[in-house]
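Worksheet: one structure, shown below.
Side chains included, hydrogens not; waters and symmetry mates left out as well; all remaining heavy atoms used.
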Amino acid sequence: MNSWIRQVRILDPLTQRDQISDVLIREGVIQAMGDSLDVSGDDVTEINGQGCILGPGLVDLYSQTGEPGHESRETLGQLLAAAAQGGFTRIGILPNTTPAVDNLAQVQQRLANQYNHQPQILPWAAITQGTQGGQLTDLMELGEVGVVGFCDGQPITNGLMMQRLLDYTQSLPLPIALWPCDRKQTGTCRDGANAIRLGLSPLPATAETIPLSALLEEVVTTQRPVHFMRISTARSVELIRASKARGLPITASVTWLHLLFSTADLDSYAPSLRLEPPLGNPTDQTELIRGLEDGTLDAIAVDHCVHTYEEKAVPFGVAPPGAVGLQLALPILWQTFVATNRWSALQLWNYLSLQPAQCLNIEPAQIQINSPANLVLFDPSHSWTVSTKNLGCDVINSPYGHQTIQGKAKHIWLPTVGP
């Protein structure tokens, strides 16, 4: 729609702009900006932007969909609606579906679901066939059909295969995202005093740090850029910080819930906090936040994952891991970090928009005249209640179920992608 947004606070982390202005959007393009635009008589929708934020559309590095294979959890259309509701205009979608997105036909099917007026799908292609870690996919073919990068969404433990992967993809400019995780070690709670107190099966930090160390050694050898996903321990932050100081070509991300919760919050045994990797100890949470702030970690990912009520309404120890997040990440992170003055508004937009785009090697959205309107209008004061109707899935998937929260994305503007 053609929109005249009056007296809105513009945030653009690319140019570090933070100012009040009018913005005119016409035919999907930012046509004008100024202190007080005069567009009377124009065929535009006038929007009062006072108290609101106009920022580049948010970018999610990776989230999970139930389609194909588990549409009863969430369809791709429902995921895109959740993304729009939360202010995300570009969504990285993991390939670990049934069947996996591991061949040309599956990628084409994923891209065929892209329409105007919906957030852009950024499909990850599988590294291994079926995301099972056994045999590499046809990476060169997949790299030519519009995938955003390569990722299994599962740990790859075969060191020889990892070396072949990094060597083989040297000529491909697409990112590779790896999850450092040793599946031979199992547990539902990060090892520590709270795991003992709550009687939950402990998972040592070494289940993450040992495979991370091995992967870092592969990067040392090949110098092939790599993104490390789902970082969750303080020691991992230390390892990544030291590796970046040595000049290794790596980036890393943390999921939003690992910044907000720790094992100290598991007294309720809420199945919505059963995550993979599991929540860290309070010291892990502190270091993950500090790692973002000092640039060790590059971006916040949502890792949105929905389950049916029947799947999730079980004891914590047997609940499937994952939680809903696309609708909630922006308002909750704003209230936790920006409203308390720990982060500036530009910092949050860096972590959720600019830096995820940079990790994916895609063009960051910006707010400039003649630029495509890839934008979100966010009202940090809007109160709403997290309900099954608002989420589009059962609230058992969220630790914020039935709570009243402040902050809501009021509208998104999306560039035209085709007829």
Side-chain angles (χ1 to χ4, degrees), residues 62 96 127-128 131-133 151-163 165-166 176-222 226-246 248 250-255 257-266 273-292 294 296-298 301 303 316-322:
Y62 42 88
N96 52 335
I127 294 171
T128 65
T131 68
Q132 297 300 304
C151 176
D152 270 4
Q154 307 288 341
I156 299 174
T157 57
N158 185 318
L160 179 59
M161 177 179 291
M162 184 59 55
Q163 187 176 27
L165 166 69
L166 298 184
I176 290 176
L178 302 174
W179 178 20
C181 173
D182 180 2
R183 278 276 172 78
K184 294 178 182 178
Q185 300 188 63
T186 60
T188 60
C189 178
R190 189 63 68 192
D191 192 14
N194 287 316
I196 296 171
R197 177 175 64 86
L198 297 169
L200 296 172
S201 58
L203 181 68
T206 53
E208 178 172 287
T209 58
I210 290 176
L212 175 60
S213 298
L215 291 171
L216 287 169
E217 287 301 317
E218 295 290 353
V219 178
V220 170
T221 301
T222 64
V226 161
H227 179 82
F228 293 111
M229 60 191 297
R230 296 174 177 155
I231 296 302
S232 67
T233 69
R235 178 58 181 153
S236 293
V237 174
E238 291 179 10
L239 291 170
I240 292 169
R241 183 180 291 119
S243 296
K244 283 191 169 185
R246 294 163 56 195
L248 284 193
I250 59 174
T251 57
S253 58
V254 56
T255 78
L257 287 176
H258 286 82
L259 300 172
L260 297 165
F261 295 96
S262 73
T263 56
D265 300 300
L266 293 179
L273 290 176
R274 171 74 172 92
L275 306 175
E276 193 173 40
L279 289 173
N281 290 303
T283 52
D284 295 311
Q285 181 187 9
T286 297
E287 288 305 305
L288 291 169
I289 295 169
R290 191 167 76 90
L292 264 178
D294 69 14
T296 300
L297 304 179
D298 298 271
D303 206 6
F316 181 91
V318 295

- Message: To the closest 0.5 Å, what do you measure between CZ (R183) and CD1 (I156)?
- Response: 11.5 Å

- Message: Under a 3.5 Å threshold, yes or no: a donor from one side chain and an acceptor from the other, between T251 and D298?
- Response: no

- Query: For the atom pair OG1 (T222) and CG (L166), what is the distance rounded to the nearest 0.5 Å?
  - Reply: 4.5 Å

- Evaluate the side-chain contact (heavy atoms from CB on, under 4.5 Å) criterion for residues D152 and L178: first the C-alpha distance (whole Å), next the side-chain angles of each, then the deciding distance (0.1 Å), finally the verdict. CA-CA 8 Å; D152 270 4; L178 302 174; over 6 Å; no

- Message: What verdict does the side-chain contact (heavy atoms from CB on, under 4.5 Å) test give for I231 and S253, after you've listed the backbone C-alpha separation in whole Å, the side-chain angles of each residue and the deciding distance to 0.1 Å?
- Response: CA-CA 6 Å; I231 296 302; S253 58; over 6 Å; no

- Task: Identify the two heavy atoms, one from T296 and one from K244, that lie closest to each other, and give their separation to 0.1 Å.
- Result: O-NZ, 3.0 Å

- Item | Least distance between heavy atoms, P202 atom then P204 atom | O-CD, 3.9 Å

- Message: I'd like to check R235 versus D284 (side-chain heavy atoms, cut-off strictly below 4.5 Å). Are they in contact?
- Response: no

- Message: For a side-chain contact (heavy atoms from CB on, under 4.5 Å) check, start with the C-alpha distance between N194 and L266, then their side-chain angles and the critical distance, and finish with the verdict.
- Response: CA-CA 8 Å; N194 287 316; L266 293 179; over 6 Å; no

- Inter-residue atom distance E208.CD - R230.CZ, 0.5 Å rounding: 11.0 Å

- Message: Between R241 and D294 (salt bridge meaning N to carboxylate O under 4.0 Å), is one present in this structure?
- Response: yes

- Query: For residues S262 and N281, is any side-chain donor paired with an opposing acceptor at under 3.5 Å?
  - Reply: no

- Drop me the distance from L212's CG to D182's CG, to the nearest 0.5 angstrom. 12.5 Å

- Distance-minimising heavy-atom pair for L279 and T263: O-CG2, 3.5 Å

- Message: Determine whether a donor-acceptor pair (N or O, by modelled atom type, separation under 3.5 Å) exists between the side chain of S201 and the backbone of G187.
- Response: no

- Item | Pair S236-T233, side-chain donor/acceptor within less than 3.5 Å | yes

- Distance-only polar pair, side chains of T131 and N96, donor-acceptor under 3.5 Å: no

- Item | Nearest atoms (heavy-atom pairs only) where R190 meets S232 | NH2-OG, 2.9 Å

- Message: Let's go through Q285 and R290 carefully: what are the C-alpha distance in whole Å and the side-chain angles of both, what is the deciding distance for side-chain contact (heavy atoms from CB on, under 4.5 Å) to 0.1 Å, and is it a yes or a no?
- Response: CA-CA 9 Å; Q285 181 187 9; R290 191 167 76 90; over 6 Å; no

- Message: Within this structure, what is the CG-OG1 distance for the pair L288 and T283, rounded to the nearest 0.5 Å?
- Response: 9.5 Å

- For F261, the ring-ring contact (aromatic ring centres under 6.0 Å, His included) test, sequence neighbours excluded, returns Y400

- Mind listing the closest non-hydrogen atom pair of C181 and P155 along with its distance? O-CB, 3.2 Å

- Message: Taking P277's backbone N and O only, do any of them form a donor-acceptor pair with H258's side chain (distance below 3.5 Å, no angle check)?
- Response: yes

- Query: Below 4.5 Å, heavy atoms only, C-beta onward: do E276 and W179 meet side chain to side chain?
  - Reply: yes

- Enter the distance from E287:CD to L292:CG here, rounded to the nearest 0.5 Å. 11.5 Å

- Would you say the side chain of P180 lies within less than 4.5 Å of the side chain of L215, judging by non-hydrogen atoms? yes

- Whether T128 side chain and Q132 backbone form a donor-acceptor pair below 3.5 Å: yes

- Identified side chain to side chain contact (heavy atoms under 4.5 Å, CB included) counterpart of C189 within the set L200, L273, L203: L200

- For the student: nearest non-hydrogen atoms of H227 and Y62, plus distance: NE2-CE2, 4.3 Å

